[in-house]
Undergrad: 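A single structure is presented below for examination.
One-based numbering, in listed order, for ligands and for the atoms of each. Numbers here simply count residues along the sequence, with the first being 1.
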Amino acid sequence: MAWDRHSTRLLAVDRYHPDRAAVCEAGAVLRGGGLVAFPTETVYGLGANALDAGAVERIFEAKGRPADNPLIVHLNTYEALERYFPGLPVAVPELARRFWPGPLTLVLEGGARFPPAVTGGLATVAVRIPSHPVALALITAAGVPVAAPSANLSGRPSPTTAAHVLDDLDGRIDLVLDGGPSGLGVESTVLDLSGDRPVILRPGGITLSELEAALGSVQLDSGVDGGPCPEKPRSPGMKYTHYAPRAPLIVFDGSDADRVSRCILLEAELLAAAGFQVGVMACDETASLYDGLGYTVIKAGRRADPATVAAVLYETLRRFDRLNVDTILAEGVPAVGMGLAVMNRLRRAAGGNVVPV
Ligand code: AMP
Ligand code: MG
């Protein structure tokens with residue numbers, strides 16, 4: 001298909017008090033079968049009417065997303081959830097009370113009203129109620145459930161600003177609501193409630209310990225924390241390379257920050273001697289160690305607080321694209337709290353190229 005470059009409209013909206021006219025216009029685009037990108041508290045989403053199979057298929061076309069990678073349905077109220085998913089699992093009310101609206105996605109049985117395009121043919125549906133005022137206003141204005149993956153080209157880093165969305169999708173979608181930078185910087189936690197026990201399929205904005213506090217024990221799906229990804233993972237998205245910058249990325253992972261830096265310095269020296277332009281994704285605490293050596297260094301949050309790394313992770317990967325480096329060497333962070341989501345994304349952005357140090 002030939003895409004009409006620069007036909008995508010951009011409407012600026014206030015993050016906390018989104019302009020009614022703009023949101024109503026975006027809601028009408030969704031009801032008419034169009035595609036609207038919008039800010040959420042995680043990353044920017046690319047929305048379509050989840051009940052309209054044709055509109056949902058347009059998301060896959062615009063993103064170049066594999067058809068077997070299902071979408072998350074976004075609702076605005078708990079009542080809507082009960083309407084679309086009769087017979088909710090017993091854990092849902094408590095999870096909703098603690099974490100909704102917010103960055104937790106539940107995989108549920110039922111949801112028979114959603115077309116197979118949404119679920120990738122699975123018997124389950126992923127659903128969440130986002131907390132971002134623009135996202136909530138948009139779903140309300142649309143008057144329909146909104147299916148929305150991240151608003152990037154498939155495989156690229158997720159977008160955390162409207163400019164990132166346009167970099168990838170200008171001319172491929174109808175409208176972008178620009179509500180400023182999205183919040184957390186990484187996607188929602190995907191929790192599967194369709195089996196005997198709750199399983200985290202993708203770590204994200206709600207941490208493992210927060211879920212354990214609510215549910216008792218929670219399992220991590222294999223592949224989530226660095227183990228080999230099974231051939232047929234329960235979350236189909238996990239088998240695809242994702243979030244990748246253009247240059248190859250190597251992640252150095254270890255509990256000793258000094259050792260991580262020393263290994264990166266050694267590798268950088270070898271690469272630079274071979275004529276490569278080296279990028280270093282460093283934590284704030286260690287960034288100065290790479291100064292004055294000719295490398296392109298980006299400070300990407302504090303090792304001691306992985307939420308600060310999550311907040312700038314995708315922007316950092318996209319900045320390296322703009323800086324034309326040949327190889328990116330990244331410091332890993334401890335995989336606890338938000339660090340679990342950061343390491344999951346870094347590992348996949350690196351195509352598994354993680355060096356234990
Ligand atoms: P994205 O919208 O790009 O954040 O991707 C949505 C994620 O949710 C992907 O990793 C999907 O594989 C996962 N997902 C969506 N629906 C389901 C489902 N029914 N079962 C398991 N994983 C799902
Ligand atoms: Mg995505």
Undergrad: Side chain or backbone of Leu71 under 4.0 Å from ligand 1, or both, or neither, by non-hydrogen atoms?
TA: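 Backbone only.
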Undergrad: Any heavy atom of Leu122 sitting closer than 4.0 Å to ligand 1?
TA: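 Leu122: in contact with ligand 1 (<4.0 Å).
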Undergrad: Can an N, O or S atom be found in Ser150 less than 2.8 Å away from the Mg ion (ligand 2)?
TA: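 Under 2.8 Å: Ser150 contacts the Mg ion (ligand 2) through an N, O or S atom.
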Undergrad: Quick one: sort the Phe38 and His74 rings into parallel, tilted or perpendicular, breaks at 30° and 60°.
TA: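 It falls in the perpendicular class, over 60°.
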Undergrad: Any N/O of Lys63 closer than 3.5 Å to an N/O of ligand 1?
TA: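 No; every N/O pair is 3.5 Å or more apart.
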Undergrad: Can you find an N/O atom of His242 closer than 3.5 Å to an N/O atom of ligand 1?
TA: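 Such a contact does not occur with ligand 1.
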Undergrad: So, are Arg31 and Asp52 salt-bridged, with charged N and O less than 4.0 Å apart?
TA: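 Salt bridge flag = no for Asp52 with Arg31.
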Undergrad: When you check the gap from the basic side-chain N to the acidic O, do Arg98 and Glu210 get nearer than 4.0 Å?
TA: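 Between Glu210 and Arg98 there is no salt bridge, as every charged N stays at least 4.0 Å from the carboxylate O atoms.
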Undergrad: Could you tell me which atoms of ligand 1, counted from 1 in the order shown, lie closer than 4.0 angstrom to a heavy atom of Thr124?
TA: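 In order of numbering, the contacting atoms are 18 (C), 19 (N), 20 (N).
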Undergrad: With a 4.0 Å cut-off on N to O distance, would you call Arg318 and Asp168 a salt bridge?
TA: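 Yes.
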Undergrad: Without hydrogens or angle criteria, can the side chains of Tyr314 and Glu187 be said to hold a donor-acceptor pair below 3.5 Å?
TA: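 Checked: Tyr314/Glu187 side chains pair up, N/O donor to acceptor below 3.5 Å.
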Undergrad: Arg65 to ligand 1: N or O pair under 3.5 Å?
TA: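 Looking only at distances, the answer is yes, because the N/O contact criterion of under 3.5 Å is met.
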Undergrad: Using a 4.0 Å cutoff against the non-hydrogen atoms of Leu201, which atoms of ligand 1 qualify?
TA: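 Answer, ordered by atom number: 21 (C), 22 (N).
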Undergrad: Is there a donor-acceptor pair under 3.5 Å between the side chain of Gln277 and the backbone N or O of Tyr295?
TA: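 No, the answer is negative, given that no donor and acceptor are paired below the 3.5 Å cut-off.
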Undergrad: Enumerate the atoms of ligand 1 whose separation from the nearest heavy atom of Asn69 is less than 4.0 angstrom.
TA: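 So the atoms of ligand 1 that pass are 9 (C), 11 (C), 12 (O).
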Undergrad: Give a yes or no on whether the backbone of Thr124 and the side-chain of Glu109 come within a donor-acceptor separation of less than 3.5 Å.
TA: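 No; judged by distance alone, with no hydrogens or angles, the pair does not exist.
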Undergrad: I need the atoms of ligand 1 closer than 4.0 Å to a non-hydrogen atom of Arg202, numbered in the order shown.
TA: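 Checking each atom against Arg202, I get 1 (P), 4 (O), 5 (O), 6 (C), 7 (C).
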